[in-house]
*Asks:* 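First the structure, then my questions, so here it is.
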2 protein chains.
Amino acid sequence: MPLSPLSRPNLAHIVRTRLSEAILSGELEPGQHVPEPELASRLGVSRAPVREALLELERHGLVTFDSRGRTHVVQLTLEDMEEIYSLRLALEPLAAGLTAERGTTQDFETLAANIAATEQATSLAEVTRLDAAFHDLIMRASGHRRAAHFWEGLRYQVEAWLGLMQRRHQAVFQSTQAETVKAHKRLLKVLRSGDAAAAEEEMKKHIVSWRRWLALEADAAARSDRKPTL
Amino acid sequence: MPLSPLSRPNLAHIVRTRLSEAILSGELEPGQHVPEPELASRLGVSRAPVREALLELERHGLVTFDSRGRTHVVQLTLEDMEEIYSLRLALEPLAAGLTAERGTTQDFETLAANIAATEQATSLAEVTRLDAAFHDLIMRASGHRRAAHFWEGLRYQVEAWLGLMQRRHQAVFQSTQAETVKAHKRLLKVLRSGDAAAAEEEMKKHIVSWRRWLALEADAAARSDRKPTL
DNA sequence: GTTCTGGTCACTGTCGACAGTCGACATCCA
DNA sequence: TGGATGTCGACTGTCGACAGTGACCAGAAC
């Protein structure tokens, strides 16, 4: 009987997941102060797991602690995104190269499944989530645990940013789904080829092209002659 | 009156610092299980700050949690160090370039002071600490907060590894102090020149040359025909 | 009206306690 | 004797409580 071992996530993990969703969806607004007691009572748990979850979320860059230790939902600025861009550019090609070398058939099939799911996604939010997951899979498949770990510290911020931009500038993301699928297919093909250098190069291009989303808010602000609200 | 605001570190921070020292010095051995209740009673605090400190230490890669949530002092392998090497190579040249561009006179003076201290250090352990601090300063001076943050997640592991190697292969580190000073002086000079590309290149060289410490244990093991104990 | 003062309130940091769980070890039965 | 079963102890995950601190607000003093 194929009984795989079941994992029993602790409360802190559940709280963390729940809060991630709340932040990514915009249910909790950027900059908003989120007191531990309130979260605890709203979620029906004590403060201990909430505190632990918040520490995790800080690691993921979704919340920050001010000088008094109070928790705020992160408010990403353009400079933050530039930082993230430069780090993605440093990390992801490295991982892509490794994945091309070491990736298993299993890995590539999971990636293919992700692309298929992206093709059939019915909402932008879903596309964004699957996009982040795709990169996540590559980082993991690389076998570079620390790089994957670092990526964990970036991906949620990327998701948060894209979510925010999508809510603000829907029109711009019209063709995103198709483009994402196309780019990911190209990537997967190179990864499967086993050519590390080519994989690095392709990933680099992919990240560079992703950069165009960064200036969105600044551009929109410039056009409408208002201050960018980040 | 120049009274700078005093920071009142919380217990968790103190515990974290104390535990870092214990791990880096070898007081706590690699692989050793460290139960929260014991740490708490030994340090005379409750488990809450200990738990928080352990989470921080995990982020710094000095401890790991097993499937049951029990804490162990990290046991670095050669593969771990290869990972760290590849990440340093991705992160530090980037930061060095930025520091060359944006570094302030103040920054460079702090770096110079660090080098001076390294010159006068009286123990290898001190040299190692100052070495890590030097790189820390560059990461901070770069203004790239996330890169600096990532480096925080590596530096202690680097220190731990070097400490371990130094305790095992003292003789090999004879000339380390002088070499470190020389290399750091070269780096500082390039940083001061403001030439980002040159700074990147010099840092790259520096990291590559650091790589030689990685194979130490494997080499020693091969020579004495025993299994490398990592 | 403005500045100082005191009180109030909302939070965080820390503590001690309890329950559930897992491994180790002893024990029982074939 | 060896494998299954039961018991014990150690630790983690979680909880509720308390104290200390800073922000905010109202009122007093000038």
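Values in this document were obtained by computation on a predicted structure and should not be read as measured data. Protein chains get the first letters and strands the later ones, always in sequence-line order, with residue 1 at the start of each.
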*Asks:* Less than 4.0 angstrom from a charged side-chain N to a carboxylate O is my criterion; do B:Arg59 and A:Glu58 meet it?
*Replies:*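 A:Glu58 and B:Arg59: salt-bridged.
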
*Asks:* So what does B:Pro37 touch, heavy atoms closer than 4.0 Å: a base, only the sugar-phosphate, or nothing?
*Replies:*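 Counting heavy atoms under 4.0 Å across all strands, the contact made by B:Pro37 includes a base.
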
*Asks:* I'd like to know if the side chain of A:Thr71 reaches the main chain of A:Phe65, judged simply by a donor and an acceptor atom lying under 3.5 Å from each other, with no hydrogens or angles considered.
*Replies:*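 No, because the side chain of A:Thr71 does not come within donor-acceptor range (under 3.5 Å) of the backbone of A:Phe65.
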
*Asks:* Quick one: does any side-chain atom of B:Arg146 pair with a main-chain N or O of A:Glu83 as donor and acceptor, under 3.5 Å?
*Replies:*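 Between the backbone of A:Glu83 and the side chain of B:Arg146 there is no qualifying donor-acceptor contact (under 3.5 Å).
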
*Asks:* Starting at CD of A:Glu52 and ending at P of D:dT12, how long is that distance when rounded to a whole Å?
*Replies:*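 From A:Glu52 CD to D:dT12 P: 12 Å.
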
*Asks:* To the nearest Å, give me how far apart CG (B:Asp66) and P (D:dC11) are.
*Replies:*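 Atom-to-atom, B:Asp66 to D:dC11, this comes out as 12 Å.
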
*Asks:* Measure the distance from NE2 on A:His33 to C1' on D:dA23 and round it to the nearest whole Å.
*Replies:*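 Value for this atom pair: 11 Å.
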
*Asks:* In terms of side-chain geometry, is the basic nitrogen of A:Arg211 or A:Glu82 positioned less than 4.0 Å from the acidic oxygen of its partner?
*Replies:*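 Yes, charged N to carboxylate O under 4.0 Å.
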
*Asks:* Salt bridge or not between B:Arg145 and A:Asp80? Use side-chain N to carboxylate O under 4.0 Å.
*Replies:*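 Counted as a salt bridge, because a side-chain N and a carboxylate O are separated by less than 4.0 Å.
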
*Asks:* Nearest whole angstrom, please: distance from the C1' of D:dT12 to the CD of B:Glu36.
*Replies:*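 After rounding, the gap between these two atoms is 6 Å.
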
*Asks:* Tell me, please, the opening and closing nucleotides of DNA chain C, 5' to 3', among those with an atom under 4.0 angstrom from a non-hydrogen atom of chain B.
*Replies:*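 Reading along DNA chain C, I get C:dG13 to C:dG23.
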
*Asks:* Please check if the side chain of A:His144 supplies one atom and the backbone of A:Ala147 the other of a donor-acceptor pair under 3.5 Å.
*Replies:*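 Looks like yes, one N/O pair under 3.5 Å.
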
*Asks:* Please work out if A:Pro49 contacts a base, only the sugar-phosphate, or nothing of the nucleic acid, heavy-atom cut-off 4.0 Å.
*Replies:*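 It contacts sugar-phosphate atoms only.
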
*Asks:* Starting from C1' on D:dC11, measure out to CD on B:Glu38 and report it in whole angstrom.
*Replies:*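 It works out to 12 Å between those atoms.
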
*Asks:* Start at the 5' end of DNA chain D and walk down; is the nucleotide closest to A:Asn10 or to B:Pro35 reached first?
*Replies:*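 Residue closer to the 5' terminus by nearest nucleotide: B:Pro35.
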
